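All values derive from a computational prediction rather than experimental measurement. As the structure lists them, so they are numbered: ligands from 1, and atoms in each ligand from 1.
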Amino acid sequence: MGLTAGEPDFAPPRVAEDAGVEAIRKGMGRYTAAAGTMELRQAVVEHIRTDIGLEYAPSEIVVTNGAKIGISQALLTLVQKGDEVLVPYPCWTSYPEMVKLAEAAPVMVPCDALQYPDMALLEAARTERTRAILLNTPSNPTGAVYPEQLLRELGEWALQHDIAVISDEIYAALTYEGAQHVSPLKAAPGLRETSIWIGGMSKAYSMTGWRMGFLAAAEPLAKKIAGLQSQLSGSPCAISQHASMVALQKADGPREEMRKVFEKRRRMVVETLQQIDGLDVAMPNGAFYAFPAMGQYLGRTCPDTGIQVNSGDDFIEVLLEADQVACVGGSAFGQADAFRISFAAADDVLIEALKRIRERLAKLV
Ligand SMILES: Cc1ncc(COP(=O)(O)O)c(C=O)c1O
């Protein structure tokens, strides 16, 4: 049973699928402008205005082949060899690697007890070479949704020290039970001139394999990124662009349906985990992951496999070997005592997997 996936288990919205087929049939599968079609960039402008509350022009939008390459292209444009990029963690596995690919140094800074960026630790980690900070709210893997006040403080601090924010908001539409997503660029509007907003279709529209992301930045920066993209990969997939444009315009309904399913699963999964004595798990306010820490189970041994559980990675090895349940060990995100459970899986799979996790923990001695 796989609880590792960072991808929803739903089909894409039907209107997006139909638009993709229509694009193929109408011969739209040709090169587009390197920064994406004007129609999609206009739809992205609308999307960012209504969903995030930020104002951009189509000339400030770059459509990318997924958010992932968008983040890399943002880094390649912003940083140089010798620069440092602050990365609050636990964080998405790819961030430090992307920084290294851009020949800069990732400076890993632990989050606080609520899994929010810690201002005092960020300030302590800042040097003359600090050029950017990578933020991700809602967060993969913790599901933390950063509060507006903290984002304002962090944004103003970044501006004061000439640090660009790369704000990965790929999970922006997936918040639960009243939690409000706030963009750092909304909380500290001055960031608009220096920073980069990242979004995409993979998570909230369940369109992972369509490889559609987009970023927004002030025009000179957006132009540089589009120029880089034109040399790296050229225009993003034209079929996916058309389907994404239609999804952004017409798929609010299916998107909300999927969000509601995640909301229900999140409660079921996290409440079940919280009933397990000695496991340490917070209720995530966004994304679709639970991130329990092993708590009092650290140091115990599994009698069936003989494996001693000194980390979340050890525990996922036990789970896989003894119970055929696959999760991701916390070291991939920088927190070794934890493991990540994706609730982007069907209810019956989640219920059975949780039962096995509970029984396995009870067996550790
Ligand atoms: C935090 C975060 N950012 C970006 C991505 C990548 O998104 P895309 O599929 O658009 O490349 C992921 C996917 O797992 C993610 O978790």
Taking atom types as modelled, is there a side-chain donor on [X] or [Y] under 3.5 Å from an acceptor on the other?
| X | Y | answer |
| --- | --- | --- |
| Y171 | N136 | no |
| E84 | T127 | yes |
| E352 | Q324 | no |
| T208 | E7 | yes |
| E169 | S183 | yes |

What residue and atom, counting heavy atoms only, is the protein's closest point to atom 1 (C) of ligand 1, and at what distance?
-> D168 OD2, 3.3 Å
What is the closest protein heavy atom to atom 12 (C) of ligand 1, and at what distance does it sit?
->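 Atom 12 (C) of ligand 1 sits closest to the protein heavy atom W92 CZ2, 3.4 Å.
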Show the atoms of ligand 1 that are less than 4.0 angstrom away from any heavy atom in [X].
| X | value |
| --- | --- |
| N136 | 1 (C) |
| Y95 | 1 (C) |
| K68 | 8 (P), 11 (O) |

Any Lys/Arg nitrogen of D304 or R360 sitting under 4.0 Å from an Asp/Glu carboxylate oxygen of the other?
->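 Salt bridge flag = yes for R360 with D304.
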Salt bridge E177-R266, side-chain N to carboxylate O under 4.0 Å |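 Looking at E177 and R266, the cut-off is met.
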Indicate, as side chain, backbone, both or neither, the part of E7 found under 4.0 angstrom from ligand 1 when only non-hydrogen atoms are considered.
-> neither
Taking non-hydrogen atoms only, is K203 closer than 4.0 angstrom to ligand 1 via side chain, backbone, both or neither?
-> side chain
Consider every N or O of [X] and every N or O of ligand 1, then say whether any pair is closer than 3.5 Å.
| X | value |
| --- | --- |
| A67 | yes |
| Y289 | no |
| S202 | yes |
| N140 | yes |

Measure from the ring center of Y289 to the ring center of F339 and say whether it is less than 6.0 Å.
->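 No.
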Residue-ligand contact T208/ligand 1, heavy atom below 4.0 Å =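 False for this residue.
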Whether G66 lies under 4.0 Å from ligand 1, heavy atom = yes
Nearest heavy atom to atom 11 (O) of ligand 1, choosing from M207, M212, R211, belongs to R211
Side chain to side chain donor-acceptor pair (under 3.5 Å) assessment of Q115 paired with S139 = CA-CA 9 Å; Q115 302 287 25; S139 154; over 6 Å; no
